[in-house]
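Notes follow the structure.
Only a predicted model underlies this, so the values are computations on that prediction, with no experimental measurement involved.
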Amino acid sequence: MFSTILLPVDLGHDASWEKALPAALGFGGALHLLSVAPDFGESAVSSYFPPDFEAKARAGLKARLDAFGAERAPGAAAHVAFGDIDRAILDAASRIGADLIVMASHKPSELRSFFIGSHAERVVRHSPIPVLVIR
């Protein structure tokens, strides 16, 4: 039913993939893993980082995601992005031609959800393709 599946993975939080990875693998389509290094936003903050910070962050994240994929999802393609997490997920899904996004969600704090919402919620709201949110 689904041929190209995108699974966003936060390598610093096992909850981002522990339940979602088996679900994504269960569809049998081509699996694409995505990890996103968040943007710092304010230029005042980013000015404290060296000019090659983004390139080094991408390279380090790609190496870690490749190792993760080799161990837990052999054959999965690994992609990295830098910037807004929600936008990066949607952009990656479009770029690879995904027909399903599988992602984990945790119960957010009420205050945090009120002010910024969850990544899963924003992806679901703006995605032109189906999104399976695993809790």
Side-chain angles (χ1 to χ4, degrees):
M1 182 169 176
F2 297 106
S3 61
T4 306
I5 300 148
L6 178 64
L7 175 68
V9 174
D10 180 345
L11 294 171
H13 293 91
D14 293 353
S16 76
W17 59 266
E18 281 180 324
K19 293 179 182 176
L21 178 60
L25 289 170
F27 285 104
L31 181 62
H32 293 257
L33 305 173
L34 172 69
S35 208
V36 181
D39 188 1
F40 295 105
E42 291 288 325
S43 60
V45 173
S46 62
S47 67
Y48 289 98
F49 291 92
D52 60 348
F53 172 76
E54 183 180 335
K56 286 183 177 179
R58 282 180 185 262
L61 189 55
K62 178 75 164 82
R64 290 178 53 217
L65 189 59
D66 285 340
F68 173 88
E71 179 182 340
R72 301 191 185 279
H79 308 272
V80 298
F82 194 86
D84 177 67
I85 294 169
D86 316 324
R87 177 62 32 214
I89 292 169
L90 295 170
D91 289 348
S94 176
R95 188 174 56 256
I96 66 171
D99 49 6
L100 176 67
I101 299 170
V102 177
M103 61 188 301
S105 179
H106 57 84
K107 187 175 179 182
S109 72
E110 208 170 296
L111 182 62
R112 182 174 188 263
S113 182
F114 177 76
F115 283 114
I116 59 175
S118 74
H119 297 295
E121 178 187 355
R122 288 190 297 269
V123 170
V124 167
R125 191 176 328 127
H126 297 287
S127 178
I129 61 172
V131 179
L132 175 62
V133 179
I134 305 290
R135 276 219 166 162

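- With hydrophobic clusters built from ILVMFWY side chains whose heavy atoms lie under 4.5 angstrom apart, Leu61 shares a cluster with Leu31.
- Expressed to the nearest 0.5 Å, how far CZ of Arg135 lies from NZ of Lys19 amounts to 10.0 Å.
- Residues satisfying the side chain to side chain contact (heavy atoms under 4.5 Å, CB included) criterion with Glu54, sequence neighbours excluded, are Arg58, Phe82.
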Determine all donor-acceptor pairs shorter than 3.5 Å in which one atom belongs to a side chain in residues 5-12; sequence neighbours excluded.
{"unit_1": "Asp10", "atom_1": "OD1", "unit_2": "Gly12", "atom_2": "N", "d": "2.9"}
{"unit_1": "Asp10", "atom_1": "OD2", "unit_2": "His13", "atom_2": "ND1", "d": "2.9"}

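- In the hydrophobic clustering of ILVMFWY residues, with side-chain heavy atoms under 4.5 Å counting as a link, Val124 and Leu132 come out apart.
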For residues 88-102, please give each side-chain donor-acceptor pair under 3.5 Å, one per line with the distance, not counting sequence neighbours.
{"unit_1": "Asp99", "atom_1": "OD1", "unit_2": "Ser3", "atom_2": "N", "d": "3.2"}
{"unit_1": "Asp99", "atom_1": "OD1", "unit_2": "Thr4", "atom_2": "N", "d": "2.9"}
{"unit_1": "Asp99", "atom_1": "OD2", "unit_2": "Ser3", "atom_2": "N", "d": "2.9"}
{"unit_1": "Asp99", "atom_1": "OD2", "unit_2": "Ser3", "atom_2": "OG", "d": "3.2"}

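- The NE2 atom of His126 lies 9.0 Å from the CD atom of Glu121; values are rounded to the nearest 0.5 Å.
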Extract all donor-acceptor atom pairs below 3.5 Å that involve side chains of residues 20-29 and protein atoms in other chains or at least two apart in sequence.
none

Name each donor-acceptor pair under 3.5 Å that joins a side chain in residues 64-78 to protein atoms two or more places apart or in another chain, with its distance.
{"unit_1": "Asp66", "atom_1": "OD1", "unit_2": "Lys62", "atom_2": "NZ", "d": "2.8"}
{"unit_1": "Asp66", "atom_1": "OD2", "unit_2": "Lys62", "atom_2": "NZ", "d": "3.2"}

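- Residues forming a side chain to side chain contact (heavy atoms under 4.5 Å, CB included) with Pro50 (at least two apart in sequence, or on another chain): Asp52, Phe53.
- Put simply, Met103 and Phe2 are part of two different groups of oily side chains (I, L, V, M, F, W, Y) that touch within less than 4.5 Å, one to the next.
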